[in-house]
Amino acid sequence: MRGTLGTGWQELPSTVETTWHARWPALAELGLPGFCVPEEQGGFGLRADVAAAAAMELGAALHPSPFAGLTASAYALAHTAGGPDTGHAGTSDAAAGELLADLLAGSRICAFGRLRPDGRVAYLVDGAPEAEALLLLDTTRDELLLLTDPRDWAADPSRHRFDISRSCADITVRPGRGHRLPAPAHTAALYELLLAADAVGGTRRVLDRTVAYAGQRQAFGRPIGGFQAVQHRLAEHAVRVRGLTLVVAEAARGFGTDPRETARSVALASLSVSSGASSILHDLLQLTGAIGFTWEYGLHLFQRRVHQDARLAANPRAAARSLADTEGWTDAR
C-alpha cells in the first residue's frame, strides 16, 4: 500500500492528487472499503485495526478520498442490509445492498455526514462533491438517511476550502428523498476513529521528514540536529506522536467488543489527537525554518488536513464532552 501511495518517499508532497477517483478501484481491489464489512458480505470482518492502519497511510499520503466516511458507510450498510425499512418499505434493503456491492468494488463513492436537527442540512461532509451516494446520520431519530441519486441533494463547497487535500461541502437534502435505515451501533465512532488515524498518519510523516531535515540543514558549521535545543524538541514530539499512535491503535484493537469501552476509547483517541496533533505540527513547522512556510515544501497541507480532521470528527471541546459523558463526570453534583 505504501508503494501505491508513495508514502515511503522522504520528501513531502507539494501538490494534491487530482485523479484519485479514477484510481480508486485499484485501491478497492486491495480491500480497503471492506475492512469493517462481515466476511459473508464480501468484507474482512470487523477489522477496525486494519482500517486504522490504512487510514494512517492515506493521511500520510494526503489522499483525497473520504476513506473514513466510506468505511463507516460500508460498515453501516452491511449491518442494515436485510433489516427493516423505517421510511420507504420495500426499497431500502435493495438500495443498501446494491450500494454496498458497488462500494466494495470501488465503482461508487459514498460520503458520510451528520444531519442537523432540522433533518435537511448536513454541514461539512467529506467527499460530498465527488460522491455518488450519501449516508447521513440523524442523531435525533437514531436513523440513517440513505441517498443514492445525486439529484436528491445540493452540495455547496464554498465554505470549506481550507483543506485543499480533499473536498468537503454542505449538503441540503431535497424534501421527502432518500431511504430511512436504522443506525447500527458505533457507526459514528468508527468514523471518528478513522479520522483520528488519518491525522496521526500525517503527523508521523511530517515528524520523520523534520528529523531527516534536522540532520541535513547546516548552521554554524554543523547540522541543526546536533544542537540540544532541537534534539529535545524532536524527542518530545517523537514521544507524543508515539503516544497518539498507541491510543488510536488501542481504540481500534478493542473496537466493537464492549459498547461503553468502545465509546470511551474512541472519545479518548479523538480528544488526544484533535488537541495534540495540530500543536505538534505547528512546532515542527518552526523547526524547519523559513522553508517550512513555503507553499512548495508541503508542510502546510498536513496542517490544514489535521485541522479539518478535528472539525469533521469532534473538535477537542466536543471530544472532551463526549468523554466526560461516557465516564459519567457530567452527572456529578
Side-chain angles (χ1 to χ4, degrees), residues 1-2 5 7-8 32 35-36 44-63 67-68 71-72 75 186 188-212 214 231-284 287 302-303 305-310 312-327 329:
M1 184 173 174
R2 286 184 175 179
L5 296 173
T7 50
L32 267 68
F35 288 145
C36 295
F44 292 88
L46 185 53
R47 295 302 308 270
D49 54 340
V50 181
M56 289 184 187
E57 291 301 320
L58 292 167
L62 295 175
H63 199 272
F67 175 72
T71 303
Y75 166 84
H186 312 314
L190 178 61
Y191 178 61
E192 294 182 7
L193 174 63
L194 297 182
L195 287 171
D198 181 278
V200 169
T203 304
R204 192 165 60 188
R205 186 175 187 191
V206 174
L207 173 64
D208 291 342
R209 179 65 188 96
T210 306
V211 170
Q231 290 175 351
H232 289 173
R233 285 165 71 180
L234 288 175
E236 179 183 351
H237 293 321
V239 171
R240 293 178 67 191
V241 171
R242 180 59 177 163
L244 296 181
T245 303
L246 290 175
V247 76
V248 169
E250 181 64 22
R253 187 162 41 248
F255 188 87
T257 55
D258 175 77
R260 186 177 184 279
E261 181 58 28
T262 294
R264 189 196 71 83
S265 60
V266 171
L268 181 60
S270 184
L271 173 60
S272 301
V273 174
S274 62
S275 61
S278 59
S279 64
I280 294 173
L281 285 174
H282 177 75
D283 197 51
L284 291 176
L287 287 169
F302 290 90
Q303 281 195 298
R305 189 176 179 104
V306 164
H307 278 287
Q308 193 79 310
D309 279 328
L312 287 165
N315 59 54
R317 184 175 298 176
R321 284 199 301 267
S322 176
L323 182 61
D325 290 341
T326 302
E327 295 294 337
W329 299 332

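With respect to the salt-bridge test (charged N to carboxylate O, under 4.0 angstrom), the residues Arg233 and Glu236 do not qualify. Salt-bridge formation is not detected for the pair Glu57/Arg205: no Lys NZ or Arg NE/NH1/NH2 atom is positioned less than 4.0 Å from an Asp or Glu carboxylate oxygen.
For Thr210 (side chain) and Val206 (main-chain N/O), a donor-acceptor pair under 3.5 Å exists by modelled atom type. Within the 3.5 Å criterion, the main-chain N or O of Val266 finds no donor-acceptor partner in the side chain of Ser270. Between the Thr262 side chain and the Gly256 main chain, a donor and an acceptor come within less than 3.5 Å of each other.
Here the CG atom belonging to Leu58 is positioned 10.0 Å from the CG atom belonging to Leu194, to the nearest 0.5 angstrom. Here OG1 of Thr203 is found 4.0 Å from CG of Leu281. Values are rounded to the nearest 0.5 Å. How far CG of Leu246 is from OG of Ser272: 11.0 Å, rounded to the nearest 0.5 Å. Taken to the nearest 0.5 Å, the CD atom of Glu192 stands 11.0 Å off from the CG atom of Leu271. Distance CZ/Arg305 to CG/Leu62: 5.5 Å, rounded to 0.5 Å.
In this structure, Ser265 and Ala251 approach most closely via the heavy-atom pair O-CB, 3.6 Å. Taking every heavy atom of both residues into account, Ala197 and Ala52 meet most closely at CB-O, 3.5 Å. The two residues Ala48 and Leu190 have their closest heavy-atom pair at CB-CD1, 4.4 Å. The two residues Gly59 and Phe302 make their nearest non-hydrogen contact at O-CE2, 3.8 Å. The shortest heavy-atom contact between Thr71 and Cys36 is CG2-SG, 4.0 Å. The shortest non-hydrogen separation linking Phe35 to Ala51 is CD1-CA, 3.7 Å.
Checked against Ile280 for a side-chain contact (heavy atoms from CB on, under 4.5 Å), the options Val306, Leu207, Val241 give a single hit: Val241.
Side-chain contact between Phe255 and Leu193 is present, with at least one heavy-atom pair separated by less than 4.5 Å. Asp309 places none of its side-chain heavy atoms less than 4.5 Å from the side chain of Val273. Side-chain contact between Leu284 and Leu287: present, with at least one pair of heavy atoms (C-beta onward) separated by less than 4.5 Å.
With sequence neighbours left out, the side chain to side chain donor-acceptor pair (under 3.5 Å) criterion links Ser279 to Arg240. The side chain to side chain donor-acceptor pair (under 3.5 Å) test applied to Glu261 returns Arg264, not counting sequence neighbours.
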Criterion side chain to side chain contact (heavy atoms under 4.5 Å, CB included) on Val248 and Met56, from CA distance to verdict: CA-CA 10 Å; Val248 169; Met56 289 184 187; 3.8 Å; yes

